[in-house]
Amino acid sequence: MIAVIQRVESAHVEVEGETVGAIGAGLLALVAVEPGDGEAQCVRMVERLRGYRVFSDAEGKMNLSLAESGGGLLLVSQFTLAADTRKGMRPSFTTAAPPEEGRRWFDRVVTLAREAQPGVETGRFGAHMKVHLINDGPVTFRLEVR
């Protein structure tokens, strides 16, 4: 499982002109499910999303996690993160989970996150989404869970 996380001042997702998920300050996480991902990867990804220290403490150092900062979490499915881009000029998506498997495990990440963290919002799985954000920093990281 792969996630690209961005520390944001705010973020929201639109589908066909309708806002389907929005947060204030917190993390935007673009999440891709890979073949073979399962419960263990979902649990660990939520741990990392909540625990990765990307927020500033009183001294301005990145020492606080999402769980400590109390910020929101916007989860957006994005299978293109799992693309194989090593050859040619067109990505291959054979390294991404099939849609049914991707939905199952993305939904599990959402459920686990909501059980552990207040303020969890989502995009809409499989929809054409417009993601709006104000990146704070900018601070962006790629997380992998195997």
Side-chain angles (χ1 to χ4, degrees), residues 1-35 37-86 90-93 95-97 99-146:
M1 189 170 288
I2 302 167
V4 169
I5 60 171
Q6 296 180 303
R7 186 178 72 189
V8 298
E9 288 184 11
S10 64
H12 70 276
V13 178
E14 293 179 8
V15 176
E16 298 178 0
E18 172 192 356
T19 298
V20 296
I23 62 168
L27 284 181
L28 166 65
L30 306 172
V31 180
V33 177
E34 298 174 291
D37 284 347
E39 183 71 15
Q41 288 75 25
C42 294
V43 168
R44 182 66 178 136
M45 182 57 77
V46 171
E47 288 173 353
R48 295 199 75 203
L49 291 171
R50 294 189 68 241
Y52 212 68
R53 299 184 310 169
V54 299
F55 296 93
S56 298
D57 63 14
E59 296 176 10
K61 295 182 180 179
M62 284 196 286
N63 274 330
L64 300 178
S65 67
L66 181 66
E68 294 166 323
S69 76
L73 175 61
L74 179 56
L75 296 167
V76 177
S77 62
Q78 188 172 352
F79 77 95
T80 60
L81 289 176
D84 183 351
T85 60
R86 293 175 289 180
R90 185 167 185 233
S92 168
F93 297 108
T95 50
E100 307 79 34
E101 185 180 339
R103 179 186 297 270
R104 176 181 180 200
W105 296 117
F106 177 78
D107 286 350
R108 184 64 179 145
V109 167
V110 171
T111 298
L112 291 169
R114 285 183 169 153
E115 289 172 355
Q117 179 79 29
V120 175
E121 296 281 329
T122 67
R124 186 172 295 154
F125 189 93
H128 182 93
M129 297 176 272
K130 295 187 186 274
V131 180
H132 304 264
L133 67 135
I134 299 175
N135 195 317
D136 181 18
V139 173
T140 304
F141 295 97
R142 183 174 193 269
L143 303 179
E144 289 187 50
V145 175
R146 302 279 178 214

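Here, residue 1 is the first one in the sequence, and each next residue gets the next number.
Residues Met129 and Ser77 meet the side-chain proximity criterion, which asks for heavy atoms closer than 4.5 Å. You'll find the side chain of Leu143 stays beyond 4.5 Å of the side chain of Arg44, heavy atoms only. Using a 4.5 Å heavy-atom cutoff, the side chains of Phe93 and Thr80 are in contact. Contact annotation: the side chain of Val43 approaches that of Leu112 to within less than 4.5 Å [non-hydrogen atoms, C-beta and beyond]. Here the side chains of Gln6 and Phe141 are not in contact, with every heavy-atom distance at 4.5 Å or above. In this structure, the side chains of Val76 and Leu28 come closer than 4.5 Å at one or more pairs of heavy atoms.
Nearest approach of Leu73 to Ala113, heavy atoms of both residues: CD2-CB, 4.1 Å. What you find for Ala22 and Leu74 is that their closest heavy atoms are N-CD1, 4.4 Å. The two residues Gly72 and Leu66 have their closest heavy-atom pair at O-CD1, 3.5 Å. Between Ala96 and Pro35 the shortest heavy-atom distance is C-CD, 3.6 Å. Looking at every heavy atom in both residues, Val139 comes nearest to Met62 through CG1-SD, 4.1 Å. Looking at every heavy atom in both residues, Asp57 comes nearest to Asn63 through OD2-ND2, 2.8 Å.
Between the side chain of Gln41 and the main chain of Gly38, a donor-acceptor pair closer than 3.5 Å is present. Formation of a donor-acceptor pair under 3.5 Å by the Glu34 side chain with backbone atoms of Met1 is found in this model. No side-chain donor-acceptor contact under 3.5 Å links Trp105 to the backbone of Val33. Not a single donor-acceptor pair under 3.5 Å links the side chain of Arg124 to the backbone N or O of Val20. A distance-only check finds a donor-acceptor pair linking the side chain of Arg7 to the backbone of Asp136 [under 3.5 Å].
Between atom CG of residue Leu75 and atom CG of residue Leu27 there is a gap of 9.5 Å, rounded to the nearest 0.5 Å. Note that CD1 of Ile2 is 7.5 Å distant from OG1 of Thr95, once rounded to the nearest 0.5 Å. Summarising the geometry, atom CZ belonging to Arg104 is positioned 9.0 Å from atom SG belonging to Cys42; distances are rounded to the nearest 0.5 Å. With values rounded to the nearest 0.5 angstrom, Ser65 atom OG is found 13.0 Å from Arg48 atom CZ. Between atom CZ of residue Phe106 and atom OG1 of residue Thr111 there is a gap of 10.0 Å, rounded to the nearest 0.5 Å. Note that the CD1 atom of Ile23 and the OG atom of Ser10 stand 8.0 Å from one another [nearest 0.5 Å].
Under the side chain to side chain contact (heavy atoms under 4.5 Å, CB included) test applied with Arg114, the options Val46, Val109, Thr122 reduce to a single match, Thr122.
Around atom CD of Glu16, no more than 12 heavy atoms belonging to other residues, nucleotides or ligands sit under 6.0 Å away. More than 12 heavy atoms of other residues, nucleotides or ligands sit less than 6.0 Å from atom CZ of Arg146.
Listed by first then second residue, pairs satisfying ring pair (Phe, Tyr, Trp, His ring centres under 6.0 Å) with a partner in residues 4-23 read His12-His132, not counting sequence neighbours.
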